[in-house]
Student: 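This is the structure I want to talk about, given as structure tokens.
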Amino acid sequence: QVQLVESGGGSVQAGGSLRLSCAASASIYTYDSYCMGWFRQAPGKEREGVAAISTGGVYTSYADSVKGRYTISRDNAKNTLYLQMNSLKPEDTAMYYCAATIRCATRTAYLLTAGSYGYWGQGTQVTVSS
């Protein structure tokens, strides 16, 4: 079991930056046993994978729409996942969720698919104005 709590969302103007955090508490497997991902969902749209990271943080993957602007990282000593978002655009506006999966595979298609994850946080809202 993993409990995930996101924070760091807010409202910014286009071109601005935000850093999201996801604090994890794991009860059966340790946090560093899980691959982690960030997803987002805008009103009326499907949930989409934004970024993902392997257990040790060596392997990362990104959606094309955020490559070069977003950076995913994790601190296993603090059981925390991060998403640094720079050069934000109005189309980045969405609810952002972190997710965890014990079934890791270092394949982008797998890690950026919502169905690959069994544990989800409640989300944090990001709003980017033009």
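Atoms considered below: every heavy atom in the structure, side chains included; atoms not considered: hydrogens, waters and symmetry mates. Given the structure is predicted, the values throughout are model-derived calculations rather than measurements.
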Student: Can V50 be reached from L88 by stepping across I, L, V, M, F, W or Y side chains whose heavy atoms are under 4.5 Å apart?
Tutor: yes
Student: Taking only residues two or more places apart in sequence or in another chain, which ones pass salt bridge (charged side-chain N to carboxylate O under 4.0 Å, His left out) with R69?
Tutor: D92
Student: Below 4.5 Å, heavy atoms only, C-beta onward: do Y31 and K78 meet side chain to side chain?
Tutor: no
Student: With a 3.5 Å distance limit and no angle check, can you tell me whether T113 reaches the backbone of L111 through a side-chain donor-acceptor pair?
Tutor: no
Student: Mind checking the OG1-CZ spacing from T55 to R74? Nearest 0.5 Å is all I need.
Tutor: 6.5 Å
Student: Could you pull out the closest heavy-atom pair between G123 and E6, with the gap in Å?
Tutor: N-OE1, 2.9 Å
Student: Minimum heavy-atom separation for C35 and S54, please, with both atom names.
Tutor: SG-CA, 3.7 Å
Student: Would L18 and V126 satisfy side-chain contact (heavy atoms from CB on, under 4.5 Å), going step by step from the backbone distance to the final call?
Tutor: CA-CA 9 Å; L18 282 173; V126 172; 3.9 Å; yes
Student: Would you give the length of the straight line joining atom CG of L20 to atom OH of Y97, rounded to the nearest 0.5 angstrom?
Tutor: 13.0 Å
Student: On a heavy-atom basis, which atom in C104 and which in S33 lie closest, and how many Å separate them?
Tutor: SG-O, 4.1 Å
Student: Would you please name every residue forming a side chain to side chain contact (heavy atoms under 4.5 Å, CB included) with K67, sequence neighbours left out?
Tutor: Y62, D64
Student: Given W38, which partner from the list L83, I53, V66, L112 fulfils the side-chain contact (heavy atoms from CB on, under 4.5 Å) test?
Tutor: L83
Student: Rounded to the nearest 0.5 Å, what separates atom CG in N79 from atom CG in D32?
Tutor: 8.0 Å
Student: Could you walk me through whether S17 and N86 pass side-chain hydrogen bond (donor to acceptor under 3.5 Å, both in side chains), step by step?
Tutor: CA-CA 4 Å; S17 299; N86 298 327; 2.9 Å; yes
Student: Mind listing the closest non-hydrogen atom pair of L4 and A24 along with its distance?
Tutor: CD2-CB, 3.6 Å
Student: Are L81 and V58 connected in the hydrophobic side-chain network, where two residues link if heavy atoms are under 4.5 Å apart?
Tutor: no
Student: Do you know which two heavy atoms are closest between A14 and S130, and how far apart they sit?
Tutor: CB-CA, 4.3 Å
Student: Is there a path of hydrophobic side-chain contacts, each under 4.5 Å between heavy atoms of I/L/V/M/F/W/Y residues, joining Y117 to I102?
Tutor: no
Student: Can you list the residues that meet the side chain to side chain contact (heavy atoms under 4.5 Å, CB included) rule with S129, with sequence neighbours excluded?
Tutor: Q13
Student: Kindly compute the distance separating CG (N76) from CE (M36), expressed to the nearest 0.5 Å.
Tutor: 9.5 Å
Student: Strictly distance-based, threshold 3.5 Å: is any side-chain N or O of T124 a donor or acceptor partner for the main-chain N or O of G9?
Tutor: yes
Student: Should the ring pair Y96 and Y70 be called parallel, tilted or perpendicular, given that the plane angle runs from 0 to 90° and is split at 30 and 60?
Tutor: tilted
Student: Return the set of residues passing side chain to side chain contact (heavy atoms under 4.5 Å, CB included) with A42 (not counting sequence neighbours), or none when no residue passes.
Tutor: K45, A94
Student: Supply the atom-to-atom distance R47 CZ to R40 CZ, rounded to the nearest 0.5 angstrom.
Tutor: 13.0 Å
Student: Quick one: salt bridge (charged side-chain N to carboxylate O under 4.0 Å, His left out) partners of E91, sequence neighbours excluded?
Tutor: none
Student: Once side chain to side chain donor-acceptor pair (under 3.5 Å) is applied, what residue pairs with a partner in residues 100-110 remain, sequence neighbours excluded?
Tutor: Y59-T108
Student: Would you give the length of the straight line joining atom CE of M95 to atom CD of Q125, rounded to the nearest 0.5 angstrom?
Tutor: 5.0 Å
